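Everything on this sheet refers to the single structure shown next.
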2 protein chains.
Amino acid sequence: MLHTPGIMRAKKAPTADLTVLERLRTAGLRPTRQRLALAKLLFAQGHRHVTAEGLFNEAKEHRVDVSLATVYNALHDFTEKALLREISIDSSRSYFDTNVGDHYHFYFEQSGRLQDIPAERIALANLPEPPDGVVARVDVIIRVKD
Amino acid sequence: MLHTPGIMRAKKAPTADLTVLERLRTAGLRPTRQRLALAKLLFAQGHRHVTAEGLFNEAKEHRVDVSLATVYNALHDFTEKALLREISIDSSRSYFDTNVGDHYHFYFEQSGRLQDIPAERIALANLPEPPDGVVARVDVIIRVKD
DNA sequence: ACCTTAATTTATAATGATTCTAAACTGCTT
DNA sequence: AAGCAGTTTAGAATCATTATAAATTAAGGT
Ligand SMILES: [Mn+2]
Ligand SMILES: [Mn+2]
Ligand SMILES: [Zn+2]
Ligand SMILES: [Zn+2]
């Protein structure tokens, strides 16, 4: 007996899906259909830098039915739970980075693309202490005219 | 014979004004009333970090009659001529910096304030070369939760 | 001073990314 | 199965910024 497409879709998820589901649960986020689909797009392959609009379009290409508002909600929810980090590079839009570890960036102004630079590739010495408060993050952005 | 207020305003400008006027001319920008007034606000005292809205309000306080569109135009014209530099820190708005030399920043997230860090205060070694293109600028932003 | 012209200013509308609203829906616990 | 807080969503609203196009002005030549 052949299984129907409908049943196939509901079948127990393969490893990658389970991982994503666990990630959401661990973060305290309900693994809804929308979040699971977006998380799969975001975390399936290596590290990525996406915009809300970009992820929204990617979802459409993959026949993931999700609203733009939900993409924004998910990106922010993921960021709050440290599954993503937000990067301000261009005042016109926000980027979200699936690499939440310590690292820096090349920013290619022409294309708007971001590329990771591992933390150990740059020696940042003598970082001054702020006069008040605590350092939340140190951003290094090498802007490239390409 | 006493001079009228109208004539007083048209009188030869004091040193500070001349400097600003020369700066605009040297940059190839017509020293209009609006640009002169904004440049005076920007460059009169030490280095500053302003937003368009902030400068617009400051102009109002100083009875400088100028439109918001002109503030944006001037900030961008000044930036093109390297009298200012634009800083992207927060995706919601742009900052303009009167310090166009090599330096870095503290960003106080609570207040939205920026503070300069002289270039020599941070040792940036082993900066990797971009795969393509030429480095336009290296931004270092220390984000402080205050 | 007067002309001419291109640059500049400005009120106003438009844009575009992001956020808000409030109603419908759904995952999870009991 | 029921209840409910959490989530999704269409659509409206927001807000910084940019575009438009008409009025003004700086600069140079006469
Ligand atoms: Mn794909
Ligand atoms: Mn003042
Ligand atoms: Zn990254
Ligand atoms: Zn600065």
Side-chain angles (χ1 to χ4, degrees), chain A residues 9-10 13 17-18 20-39 41 49-60 64-81 83-84 86-96 112, chain B residues 6 9-10 13 17 20-39 41 49-60 64-81 83-84 86-96 112:
Chain A
R9 230 183 288 127
D17 297 27
L18 273 182
V20 161
L21 189 144
E22 282 163 13
R23 268 178 102 136
L24 293 182
R25 277 206 206 290
T26 302
L29 294 169
R30 278 196 193 170
T32 62
R33 173 179 65 75
Q34 292 87 342
R35 282 175 177 163
L36 280 168
L38 294 174
L41 290 177
H49 305 96
V50 304
T51 61
E53 198 72 26
L55 182 58
F56 179 61
N57 288 330
E58 193 174 328
K60 275 197 276 200
V64 171
D65 195 8
V66 64
S67 73
L68 181 56
T70 295
V71 171
Y72 275 102
N73 289 339
L75 287 173
H76 287 131
D77 293 342
F78 292 0
T79 299
E80 258 170 39
K81 303 300 187 179
L83 301 180
L84 291 178
E86 193 171 357
I87 301 181
S88 289
I89 275 211
D90 178 315
S91 56
S92 73
R93 62 210 173 144
S94 263
Y95 286 78
F96 293 85
Chain B
R9 232 184 285 128
D17 296 27
V20 161
L21 189 144
E22 282 162 14
R23 267 178 104 136
L24 293 182
R25 278 206 206 288
T26 301
L29 294 169
R30 281 196 191 169
T32 62
R33 174 178 63 75
Q34 292 86 343
R35 282 178 177 159
L36 281 168
L38 293 174
L41 290 177
H49 306 94
V50 304
T51 61
E53 198 72 28
L55 182 58
F56 179 61
N57 289 330
E58 193 174 326
K60 275 197 278 200
V64 171
D65 194 9
V66 64
S67 73
L68 181 56
T70 294
V71 171
Y72 275 103
N73 289 339
L75 288 173
H76 286 131
D77 293 342
F78 292 0
T79 300
E80 260 171 38
K81 305 300 188 179
L83 301 180
L84 291 178
E86 193 171 357
I87 302 181
S88 290
I89 275 210
D90 178 316
S91 57
S92 74
R93 61 205 174 150
S94 264
Y95 286 78
F96 293 86

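Since the model is a prediction, treat every value here as computed from it, not as a measurement. Naming convention: chains lettered A, B, ... in sequence-line order (proteins, then strands); numbering from 1 in each chain.
Across all strands, B:Ser94 comes closer than 4.0 Å only to sugar-phosphate atoms, never to a base (heavy-atom distances). Counting any heavy atom pair closer than 4.0 Å across all strands shown, A:Ser92 reaches sugar-phosphate atoms only and no base atom.
For the pair B:Leu24 CG and C:dT8 C1', the computed distance is 13 Å after rounding to whole Å. As a whole-Å value, the separation of A:Arg93 CZ from D:dC15 C1' is 19 Å. Taking atom OH of residue A:Tyr72 and atom P of nucleotide C:dT18, one finds them 3 Å apart after rounding to whole Å. Note: CZ (B:Phe96) to P (D:dA16) measures 14 Å, nearest angstrom. Following rounding to the nearest Å, A:Glu53 (CD) and C:dT15 (P) show an atom-to-atom distance of 16 Å. When the C1' atom of D:dT17 is taken as reference, atom OH of B:Tyr95 falls 16 Å away, rounded to whole Å. Rounded to an integer number of Å, the gap from A:Asp90 CG to D:dT17 P is 12 Å. Between the CD atom of B:Glu86 and the C1' atom of D:dT18 there is a distance of 13 Å, rounded to whole Å.
In this structure, A:Tyr72 has no ring pair (Phe, Tyr, Trp, His ring centres under 6.0 Å) partners at least two apart in sequence or on a different chain. Here A:Phe96 pairs with A:His76 under the ring pair (Phe, Tyr, Trp, His ring centres under 6.0 Å) rule; sequence neighbours left out. Listed by chain and number, the residues in a side-chain contact (heavy atoms from CB on, under 4.5 Å) with A:Ser92 are A:Asp90 (sequence neighbours excluded).
Axis angle, first five pairs versus last five pairs of the helix from C:dA1-D:dT30 to C:dT30-D:dA1: 30°, rounded to 10°.
Taking all atoms of both residues into account, the shortest heavy-atom contact from B:Leu38 to B:Ala74 is CD1-CB, 3.7 Å. Contact between A:Ser91 and B:Ser88 at its shortest, heavy atoms only, is N-OG, 3.4 Å. What you find for A:Leu83 and A:Leu24 is that their closest heavy atoms are CD1-CD2, 4.1 Å. Of all heavy-atom pairs spanning A:Ser67 and A:Phe56, the tightest one is C-CE1, 3.8 Å.
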- Going through the distances and angles, do B:Lys60 and B:Asn57 end up as a side chain to side chain contact (heavy atoms under 4.5 Å, CB included)? CA-CA 5 Å; B:Lys60 275 197 278 200; B:Asn57 289 330; 3.6 Å; yes
Nucleotide N/O to protein N/O under 3.5 Å, stretch nucleotides 6-10 of chain D:
residue	atom	partner	partner atom	Å
D:dG6	O4'	A:Arg30	NH2	3.1
D:dT7	OP1	A:Arg35	NH1	2.6
D:dT7	OP1	A:Arg35	NH2	3.2
D:dT8	OP1	A:Thr32	OG1	2.4
D:dT8	O3'	A:Gln34	NE2	2.8
D:dT9	OP1	A:Gln34	NE2	3.3
D:dT9	OP2	A:Ser67	N	3.1
D:dT9	OP2	A:Ser67	OG	3.3
D:dT9	OP2	A:Thr70	OG1	2.5

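A close approach under 4.0 Å does occur between a side-chain nitrogen or oxygen of B:His76 and OP1 or OP2 of D:dT18.
Sorted by first and then second residue, the pairs that involve residues 26-37 of chain B and meet salt bridge (charged side-chain N to carboxylate O under 4.0 Å, His left out), not counting sequence neighbours, are B:Arg35-B:Asp77.
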